[in-house]
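First the structure, in the form of structure tokens, and then the observations on it.
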4 protein chains.
Amino acid sequence: MPEKRAKKSAKRPVRRALQSRSRATVDAIVKATARILAERGWPALNTNAIAARAGVSIGSVYEYFPNKQSILNVIIDRHLAAGEAKLAEATSILSSGKDADDIVEAVVSGFIQLHQDDPRLHRALSTEVPISPAQRRRIEALRSKIVIAVTSALSEYVDGAELKATLLVETADALAHRWFVDKVGLPVSASTMAGETSTMLKSYVSAGRSD
Amino acid sequence: MPEKRAKKSAKRPVRRALQSRSRATVDAIVKATARILAERGWPALNTNAIAARAGVSIGSVYEYFPNKQSILNVIIDRHLAAGEAKLAEATSILSSGKDADDIVEAVVSGFIQLHQDDPRLHRALSTEVPISPAQRRRIEALRSKIVIAVTSALSEYVDGAELKATLLVETADALAHRWFVDKVGLPVSASTMAGETSTMLKSYVSAGRSD
Amino acid sequence: MPEKRAKKSAKRPVRRALQSRSRATVDAIVKATARILAERGWPALNTNAIAARAGVSIGSVYEYFPNKQSILNVIIDRHLAAGEAKLAEATSILSSGKDADDIVEAVVSGFIQLHQDDPRLHRALSTEVPISPAQRRRIEALRSKIVIAVTSALSEYVDGAELKATLLVETADALAHRWFVDKVGLPVSASTMAGETSTMLKSYVSAGRSD
Amino acid sequence: MPEKRAKKSAKRPVRRALQSRSRATVDAIVKATARILAERGWPALNTNAIAARAGVSIGSVYEYFPNKQSILNVIIDRHLAAGEAKLAEATSILSSGKDADDIVEAVVSGFIQLHQDDPRLHRALSTEVPISPAQRRRIEALRSKIVIAVTSALSEYVDGAELKATLLVETADALAHRWFVDKVGLPVSASTMAGETSTMLKSYVSAGRSD
DNA sequence: GATGAATGAGCTTTCATTCAT
DNA sequence: CATGAATGAAAGCTCATTCAT
């Protein structure tokens, strides 16, 4: 009856979800995971709940994912991909921007859109779920790319574009998180705060323009 | 900040040394918990690890704390108390401030100091550890008190003090967290970013002054 | 008495054999619990011992039972169900009884049969295991039903049937417990004592008959 | 820090409680144990609770008793001693009895008195507390002595005195327990049931008298 | 003797993971 | 490939007992 087995094996290769049925199963598992995370949080996220919610057996979960963390990785990766997509999309706006204010506007609204989409899930991912060093590196990389894109866009309008871009991006990200994810108790509405954030950042970015 | 000591008044001259043993044990447990949290994070925090790290038996842990969460509560409470102490200390600076810039400076440096003290622990507490609703309320209350104090201080210099105070406080808090806790990869040093943050906020707060 | 079997009707011809594995596991757990209780008593009953004795892992125990008490509940419920079955069975005898003596005989032998089946387990259940209020109520209800049935049976032969039925039932139960469960040291055999009990109760029940 | 120590030692001799202070301490411990048992039952009985309730330190408890069970033993022994005292007291009544009915009356009322004194404690002792084989033997011996005394008293009035005495004693004991300790739901009052018990037993004992 | 802080074996329960079917 | 019963390491917590003070 009792039989010791290695626990940290993860030998079984992740079956590549190429066939459509496989793809559907993988998708159901990932979606179920995201839903549980958004609705009931990380403490309630366990593999049996995922399987049940996805409508598949726990065995199938392990057919497609070597372990629990790897499911989360997909979600985190999708989140990062969404961020990257948003960046790509924003790049054109940034480069076609008429002035620095447009760039600030694009950055602020970009981060707000990112945080408004499923804020419960966003919160769970950013405050509860353990992130691997590799993922942290990828987050850093994305952040860095955004800063570079914004720097490039800003450089034709302002001096010290890199520093300004860094502060702009970090502030827009952090405050969007506060207003829409943390939902801190505020004396005014989140959208009012968003407007104020935008005002502050426009003024900051444009400060000291030579023109 | 931690380290509560019994009043050593002349009331009871010969006070049992036993009490200090208890005090030392409690302290060892709390410190061990904070250390594990800072060094290995919430997933590695378990009562056996706490006991081992504190150099006491698991039984002793439960002699002084009814459960695992209550140890964390002490740490969280100490953190909040530190924030409240900082607020009290800052209030005098705020009220004796010569101008709006001094107030911004005080707020920014206050948050930086708060985040510079054991940033690893700070990170664990703010992103991993489950917070009870009561604690969340206490955090909100503290934040609210700070905003009120800053609003009051700013109101003699600027219009729309409450809105500005809110954005000032949230930005200072969020960015101090980024620069010193998250330690995001930056093109320049954290202290440079802190200076830039300060510059941006001073400019924001003073914008539209009638002077 | 225990050993529930699924109906093997023709509804679903090929029924998974898996279900029978579960059934067997549940049964092994319940049986192991009963055996430990009977052989080593309540103090020796712990979930690890149950799992070991059942030849399953501790995880399997919690796959089928939410907690330790729930395993006991099954055993207690089976015991109560056995009592209820015995009552149902006895009712026909009671109502077809030729005279009051037959009724007494049926009651006494009914309780003796109940107590003779695994007296060690019976002892553990009646003296060691914590009973929930709901179970106590169910026991009371069963006892009450028995008294009502006996009252009804007796009422056509004797006056004051309810009082007599109560004393009859309580005495038969209590003494069957003594003779077969407590196994008190006796100068004569348990079955002799059972006969004497019967004699005493027949005489008591028939006393003051109008005939 | 961790230091393994033997757990089943019990080497320290039980300090004989001869001095009055010692005696008072022992008594406080025993009384506290009995009170907890009566009020909150066996599951709530732990050595720290006993020490706290007795107003002594846990260390003192182990100064006078080698282990928890030994405290219970004192209580059980006192209970048995009370039974034995009651027997001694009853013996004179039994031998001076005018007829068999007086003997039955004495036995029934004796057991009722025994069970009416602190029925909660009685219940705990008879249904929850683990009894050692030695104690069980002592209970048997007491029971046997009672049967012998009753047999002797009855023998001048009836035939088959031993058998009758056994049934009389067991029934009186069992039913007194039911009416006053178990407090089973009854259609009539406990004292009515006690009277009925007495009536039944008188009739049984006197049955078949030659006079 | 008295104290009570400290101990740690042992218990209940959870859940990521495996594998027979 | 799918299933889900089974596994067992590991975590939280209790309490009888010990021993330094």
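In what follows, every chain begins at residue 1, and chains take the letters A, B, ... in the order their sequences are listed. Atoms considered below: every heavy atom in the structure, side chains included; atoms not considered: hydrogens, waters and symmetry mates.
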Exercise for review: Only counting residues at least two apart or in another chain, list the ones meeting side chain to side chain contact (heavy atoms under 4.5 Å, CB included) with A:R53.
Suggested key: A:A32, A:R35, A:I36, A:E39
Check your understanding: What residues in residues 61-71 of chain B put a non-hydrogen atom under 4.0 Å from any atom of DNA chain E?
Key -> B:E63, B:Y64
Study note, to complete from the structure: Separation of E:dT17 atom P from A:I29 atom CD1, nearest Å, is 14 Å
Review point. So, is B:S22 near the phosphate of E:dG4, with a side-chain N or O under 4.0 Å from OP1 or OP2?
Key: no
Revision key, fill the gap. Applying the Watson-Crick and G-U criteria (both distances under 3.5 angstrom) with [ ] for crossing and | for other-strand pairs, one obtains for DNA chain F .||||||||||||||||||||
Point to revise | Any C:S60 side-chain nitrogen or oxygen under 4.0 Å from OP1 or OP2 of F:dT7 | key: yes
Exercise for review: Look at C:S57 and F:dT7 and indicate whether a side-chain polar atom (N or O) is within less than 4.0 Å of OP1 or OP2.
Suggested key: yes
Review point. Between C:T47 and E:dT13, does any side-chain N or O lie under 4.0 Å from OP1 or OP2?
Key: no
Point to revise | Side chain of A:I58 (C-beta onward), nearest among E:dT18, E:dT3, E:dA16 | key: E:dT18
Study note, to complete from the structure: Side-chain atoms of A:N48 come closest, of E:dT17, F:dC13, E:dT3, to E:dT17
Study note, to complete from the structure: Regarding the side chain of C:V56, the nearest nucleotide among E:dT7, F:dT7, F:dA5 is F:dT7
Review point. Atom CG of D:L45 to atom P of F:dA16: distance rounded to whole Å?
Key: 8 Å
Check your understanding: Just how far, in rounded Å, is C1' of E:dA9 from CG of C:N46?
Key -> 12 Å
